[in-house]
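To start, the structure itself, in structure tokens.
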Protein chains: 2
Amino acid sequence: MATPRRSRRAERGPDTVHRVAKSEETRSLIVATAMRLFSEKGYDRTTMRAIAGEAGVSVGNAYYYFSAKEQLIQGFYDELSHQHLTASRQALEGEPDFGTRLKTVLLTWLDVARPYHRFGTQFFVNAADPESPLSPFSVDSTAAREASIGLMREVIESSDVKLDQELREELPGLLWLYQMGIVLFWVHDRSPHTKRTRMLVERSVPLIARLVGLSRLRVLRPVSREITSLIRDLAKQD
Amino acid sequence: MATPRRSRRAERGPDTVHRVAKSEETRSLIVATAMRLFSEKGYDRTTMRAIAGEAGVSVGNAYYYFSAKEQLIQGFYDELSHQHLTASRQALEGEPDFGTRLKTVLLTWLDVARPYHRFGTQFFVNAADPESPLSPFSVDSTAAREASIGLMREVIESSDVKLDQELREELPGLLWLYQMGIVLFWVHDRSPHTKRTRMLVERSVPLIARLVGLSRLRVLRPVSREITSLIRDLAKQD
DNA sequence: CGGTCGACTTGAACACGTTCAAAAGATCGT
DNA sequence: ACGATCTTTTGAACGTGTTCAAGTCGACCG
């Protein structure tokens, strides 16, 4: 790493509202070229010089638009989550069962992400850095995160699942966390066609559904209460 | 990253059994210097040239002993897990309550890891790469992982917790996974003194303990069964 | 028209992790 | 003592991500 790092976000003047329309063209040309090369040769093996060269701009110019190579990945995330959202919504149509809905969302993600598994893991590594804007927990990812959590909310709300108000509010966040776990497993999954991840989804979703259903049971009520309360308290400060 | 990557493990002749005693000195001098500089200036800001310079060897020589800068972190992990194991065993002495034992192990880890939180996160990022030998799931980490899981087994076995055979076998692995989750949270925790992680431990451990206790309940029996069965099936192939 | 200002563009230069051919020691059989 | 063979050591050189002083271009003002 020949990087000074820690040079995040000093910019962002009052011009955040409007993007300059003119250079948007160059910008998207660069990101498109980058995405193509990434999927052809992988992240590590694609050099900034190659990206700039193929896009017909200078290296310095690429850095005028993107403050780091890593930031080019953002385009990948955006594309992926957009595809996931629309494909999921379509697949959810008319399905009332909570478990089936949850499974659909997760399997849809696996389908959408499939083409990127080969090289995608290199992307996701960057996301593990707490300092990185690419981290799913970062402030910069707020929009994408909210969208994903919103999808989980839809999974719950249009289903026939019964649960008390408290859990209903916190469950989307918990399910999103669960999904992050699945993604983590997927990244490490080396089985053909990521068969093991599919198995994990197929069999863990019914477990989740069962537990959610049982949460209203007298014995589990305090547990469920404490979980939601804990989540809230953790979210408080910071 | 100026790295070709993917050059892991081609070495390892039949000489793995014995280390040559002679150069062990240079080797440990390098790793000691590296650890010192890492904790002084952080991982990213410590250059291989600086490490080699301070250790009084050439850059190339450092690479004769360690195939990459990343590999120098291994020393950090070894140190950390050794400290954790011994400190935990001592703290566990004579304590029969399962929840208390589990909490002790986790809080001990937080104590031991505390000095490294400032820079340590940079270490843990590397561990997220599935290809990296530093990943807690990698083959290279088997020994350390087994040791940690073994500690969780001790937590269970010398406690008064009641659980059926099946879960007793798989629970250590599950608890280790739980611990990895705590570590992940810790890495992202920016609260003073990682107060939030401590809160998470203090309040999630009783939940775990409660759930483990409830697992023998009639309604939860199938859930518990399916979890252990799933874990086993996932471990099968590969 | 001249001039100024801001957005954009350039490519050489920098610092870094890593490699490698070559040199220097070390060990050992004869 | 001498070569042979292995281990250890060296530092220049390479490819990389990133920076920056300098340039180009267009729009707008007088």
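Quick note on labels: first sequence line is chain A, next is B, and so on, each numbered from 1. These numbers come from the heavy atoms of this one structure, side chains and all, not from hydrogens, waters or symmetry mates.
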**Study point:** Minimum-distance nucleotide to B/Y64 side chain [options: D/dT18, D/dT8, C/dT9]
**Key:**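 When the side chain of B/Y64 is considered, D/dT8 is the closest of D/dT18, D/dT8, C/dT9.
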
Review point. Can any side-chain N or O of B/H84 pair as donor or acceptor with the backbone N or O of B/A113 at less than 3.5 Å?
Key: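 Absent.
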
Review point. Would you call A/R36 and A/E40 a salt bridge, using N to O less than 4.0 angstrom?
Key: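 Yes, this pair counts.
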
Interatomic distance, [X] [atom1] vs [N] [atom2] [rounded to whole Å]:
{"X": "B/Y65", "N": "D/dT9", "atom1": "OH", "atom2": "P", "result": "4 Å"}
{"X": "A/I51", "N": "C/dG11", "atom1": "CD1", "atom2": "C1'", "result": "17 Å"}
{"X": "A/Q71", "N": "D/dT18", "atom1": "CD", "atom2": "C1'", "result": "13 Å"}
{"X": "B/K69", "N": "D/dT16", "atom1": "NZ", "atom2": "C1'", "result": "14 Å"}
{"X": "A/Y63", "N": "D/dT19", "atom1": "OH", "atom2": "P", "result": "7 Å"}
{"X": "A/M48", "N": "C/dT10", "atom1": "CE", "atom2": "P", "result": "14 Å"}
{"X": "B/F66", "N": "C/dT19", "atom1": "CZ", "atom2": "C1'", "result": "18 Å"}
{"X": "A/D44", "N": "C/dC16", "atom1": "CG", "atom2": "P", "result": "20 Å"}

Exercise for review: Working to the nearest 0.5 Å, report the span between CD1 of A/I73 and CG of A/L134.
Suggested key: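 One finds 5.5 Å between CD1 of A/I73 and CG of A/L134.
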
Review point. B/F66 ring centre to B/R27 NZ or CZ under 6.0 Å, with the angle to the axis within 45°?
Key: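 Yes, cation above the ring, under 6.0 Å and within 45°.
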
Exercise for review: Look at the side-chain N and O atoms of A/N61 and state whether any lies under 4.0 Å from the OP1 or OP2 oxygen of C/dT10.
Suggested key: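 For C/dT10, OP1/OP2 do have a side-chain N/O of A/N61 under 4.0 Å.
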
Review point. Does B/T26 put a side-chain nitrogen or oxygen below 4.0 Å from OP1 or OP2 of D/dT9?
Key: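 Indeed, a polar side-chain atom of B/T26 lies that close.
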
**Study point:** Earlier contact from the 5' end, DNA chain D, for A/G60 and A/T47
**Key:**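 Going by which nucleotide is closer to the 5' end, it is A/T47.
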
Exercise for review: Establish, from distance only, whether the side-chain atoms of B/Y178 and B/S204 form a donor-acceptor pair under 3.5 Å.
Suggested key: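 B/Y178 vs B/S204: donor-acceptor pair found between side chains.
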
Review point. Mapping A/R49 and A/S58 onto DNA chain C by nearest heavy atom, which one lands closer to the 5' end?
Key: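 Looking at the nearest nucleotide for each, A/S58 comes out on the 5' side.
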
Review point. Within the structure shown, what part of the strands sits under 4.0 Å from B/V57 by heavy-atom distance: base, sugar-phosphate, or nothing?
Key: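 Sugar-phosphate, no base atom in range.
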
